[in-house]
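Here the structure is laid out as structure tokens; the discussion comes afterwards.
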Amino acid sequence: MKPGLGRQLHGKRILITGGGTGIGAATARACSSSGMQVMLSGRRSGPLERVVGEIEAAGGTASMRVGDVATPGASEALLNAMDETFGGTDAVFANAGYGIEKPVLEASPAEIRRIFDVNLVAAVDLMRATGLRLRAEGRPGHLIGCASILGKFTMPGYGLYSSTKAALTHVCRSMRCELHDDGIAVSSVHPVTTRTEFFEVAKKESGEGHGPVVQDGVPTHAPRMFVQSADVVAKAVVKCLRRPRAEVWTSPVGRLSAGIFELLPPVYEVVLRSEMRRKRREAASGR
Ligand SMILES: NC(=O)c1ccc[n+]([C@@H]2O[C@H](COP(=O)([O-])OP(=O)(O)OC[C@H]3O[C@@H](n4cnc5c(N)ncnc54)[C@H](OP(=O)(O)O)[C@@H]3O)[C@@H](O)[C@H]2O)c1
């Protein structure tokens with residue numbers, strides 16, 4: 001049996017965390033357009049209600065649950081909600097997450113724990129809990145984790161964020177092999193800079209004097225050729241649901257850069273150091 005849902009997504013049920021905004025919201029709309037039933041979660045009800053309303057207005061089926069993915073028991077509660085609302089779960093997109101941009105030396109232990117709890121522990125717990133249910137029911141399914149291009153390399157200020165995404169990438173890779181023979185596909189998604197709330201949130205979460213300098217929704221440090229819309233990522237995720245792939249990339253240049261950085265660490269370190277100096281100059285000139 002080939003792992004995954006098969007090409008026909010109509011009627012399949014997907015849970016998307018962080019589904020009220022950005023990549024999650026775009027993926028919810030795209031999944032619904034493909035005939036899937038969609039459950040969204042997030043901490044704010046307003047954005048979730050907006051997306052559910054849009055999907056229903058377009059003739060789709062969507063529901064929502066408000067909550068923090070890092071709360072103990074959150075995954076089970078979401079999967080129980082899927083059972084009650086749609087009678088089960090075929091796929092999950094563990095997408096909820098956030099970034100901080102600050103030097104590791106200046107991050108507090110609480111900040112370090114929190115970003116790992118949200119971006120890694122909660123995502124893995126949701127995929128784990130879903131995998132256990134699918135396996136117990138003997139059904140195929142698809143578990144997708146939202147990693148990042150920064151799961152493959154890092155930049156000054158992004159050490160913690162990148163680590164959460166690198167770890168998630170490894171967990172997905174390992175689960176992919178572990179669950180293959182159960183018919184459960186596992187994929188990681190590696191977006192490049194995507195125009196969403198992400199960078200404004202990162203600025204807030206990074207604290208006074210840190211965070212990206214954001215212009216027009218994206219950080220000034222991001223090469224423009226890397227900037228994409230959330231719809232591009234959403235389309236790639238739906239394509240992956242139809243035909244599972246190990247890793248979802250939406251930028252060939254991004255993928256190539258990540259590959260070069262992995263193959264040639266000295267080149268990568270030179271780029272990183274020059275980026276570090278640029279940041280120091282930026283800070284010295286009052287940003
Ligand atoms: N934008 C990029 O350039 C980029 C690049 C690579 C990877 N990514 C990844 O893509 C994913 C989606 O990000 P995005 O770009 O779409 O940014 P976004 O618009 O800020 O979306 C993040 C979503 O996650 C939810 N969320 C955050 N913390 C949560 C928590 N503790 N519990 C429940 N929900 C939570 C937020 O909703 P509430 O605030 O209402 O909870 C929000 O809907 C993230 O994992 C991010 O790391 C983004």
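Order of listing sets the numbers, starting from 1, for every ligand and every atom in it. Heavy atoms only: backbone and side chains are in, while hydrogens, waters and symmetry mates are out.
For atom 6 (C) of ligand 1, the nearest non-hydrogen atom from the set Gly20, Pro191, Pro47 comes from Pro191. When Gly97, Ala123, Ala234 are checked for heavy-atom proximity to atom 22 (C) of ligand 1, Gly97 turns out nearest.
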Verdict with supporting geometry, Phe93 and Ile23, side chain to side chain contact (heavy atoms under 4.5 Å, CB included)
CA-CA 10 Å; Phe93 182 28; Ile23 292 169; 4.0 Å; yes
Step by step, would you call Thr154 with Tyr268 a side chain to side chain contact (heavy atoms under 4.5 Å, CB included)?
CA-CA 9 Å; Thr154 190; Tyr268 164 55; 3.3 Å; yes
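With Asn119 contributing its side chain and Tyr98 its backbone, the two residues share a donor-acceptor pair below 3.5 Å. Looking at Asn95, its side chain never comes within 3.5 Å of a backbone N or O of Ile16 through a donor-acceptor pair. No donor-acceptor pair under 3.5 Å is formed between the side chain of Lys12 and the backbone N or O of Gly35. Put simply, the side chain of Arg65 never gets that close to the backbone of Met39: no donor and acceptor are under 3.5 Å apart. Looking at Thr130, its side chain does come within 3.5 Å of a backbone N or O of Leu126 through a donor-acceptor pair. Of the possible donor and acceptor atoms, none in the side chain of Arg173 sits under 3.5 Å from a partner among the backbone N and O of Ser188.
Some N or O of Asp68 is nearer than 3.5 Å to an N or O of ligand 1, by distance alone. Not one N or O of Ala70 is nearer than 3.5 Å to an N or O of ligand 1, by distance alone. For Arg43, a nitrogen or oxygen atom sits less than 3.5 Å from a nitrogen or oxygen atom of ligand 1, counting backbone and side chain alike. Below 3.5 Å of separation, one finds an N or O of Val69 facing an N or O of ligand 1. Considering backbone and side-chain atoms alike, Tyr98 places every N or O at 3.5 Å or more from each N or O of ligand 1.
With a 4.0 Å cut-off on non-hydrogen atoms, Ala147 touches ligand 1 through its backbone and not its side chain.
Remark: distances from the non-hydrogen atoms of Arg114 to ligand 1 include one below 4.0 Å. Within the structure, the closest approach of Val192 to ligand 1 falls below 4.0 Å when heavy atoms are considered. Residue contacts with ligand 1: Arg195 is excluded, as none of its non-hydrogen atoms falls under 4.0 Å. Heavy-atom separations between Ala74 and ligand 1 are all 4.0 Å or longer. Contact between Gly99 and ligand 1 is absent, with no heavy atom of the residue lying under 4.0 Å from the ligand. Ligand 1 lies within reach of Gly67, whose nearest heavy atom is under 4.0 Å from it. Distances from ligand 1 to the non-hydrogen atoms of Thr17 include no value under 4.0 Å.
Each of the atoms 6 (C), 7 (C), 8 (N), 9 (C), 46 (C), 47 (O) of ligand 1 lies under 4.0 Å from some heavy atom of Tyr161. Close contacts between ligand 1 and Phe199 involve ligand atoms 3 (O) [criterion: under 4.0 Å to a heavy atom]. Interface atoms of ligand 1 facing Arg44, defined by a heavy-atom separation under 4.0 Å, are 37 (O), 38 (P), 39 (O), 40 (O). Counting atoms of ligand 1 from 1 in the listed order, those under 4.0 Å from a heavy atom of Ile23 are 10 (O), 15 (O), 16 (O), 48 (C). Near Gly22, with a cut-off below 4.0 Å to any heavy atom, the atoms of ligand 1 are 16 (O), 19 (O). Atoms of ligand 1 found under 4.0 Å from any heavy atom of Gly18 (numbered from 1 in listed order, with element): 23 (C), 24 (O), 25 (C), 43 (O). Those atoms of ligand 1 that come under 4.0 Å of a heavy atom in Cys146, given as number and element, are 9 (C), 10 (O), 11 (C). Heavy-atom proximity to Thr193, at under 4.0 Å, picks out these atoms of ligand 1: 3 (O).
Arg128 has a carboxylate O that lies under 4.0 Å from a charged side-chain N of Asp125, or vice versa, which qualifies the two as a salt bridge. Checked for salt-bridge contact, Lys102 and Glu111 meet the test: a charged N lies under 4.0 Å from a carboxylate O.
The distance from atom SG of Cys240 to atom CZ of Arg245, rounded to the nearest 0.5 Å, is 7.5 Å.
Taking atom 17 (O) of ligand 1 as the reference point, the nearest protein heavy-atom neighbour is Thr196 OG1, 3.3 Å.
The number of heavy atoms from other shown groups lying within 6.0 Å of CZ (Arg135) does not exceed 12.
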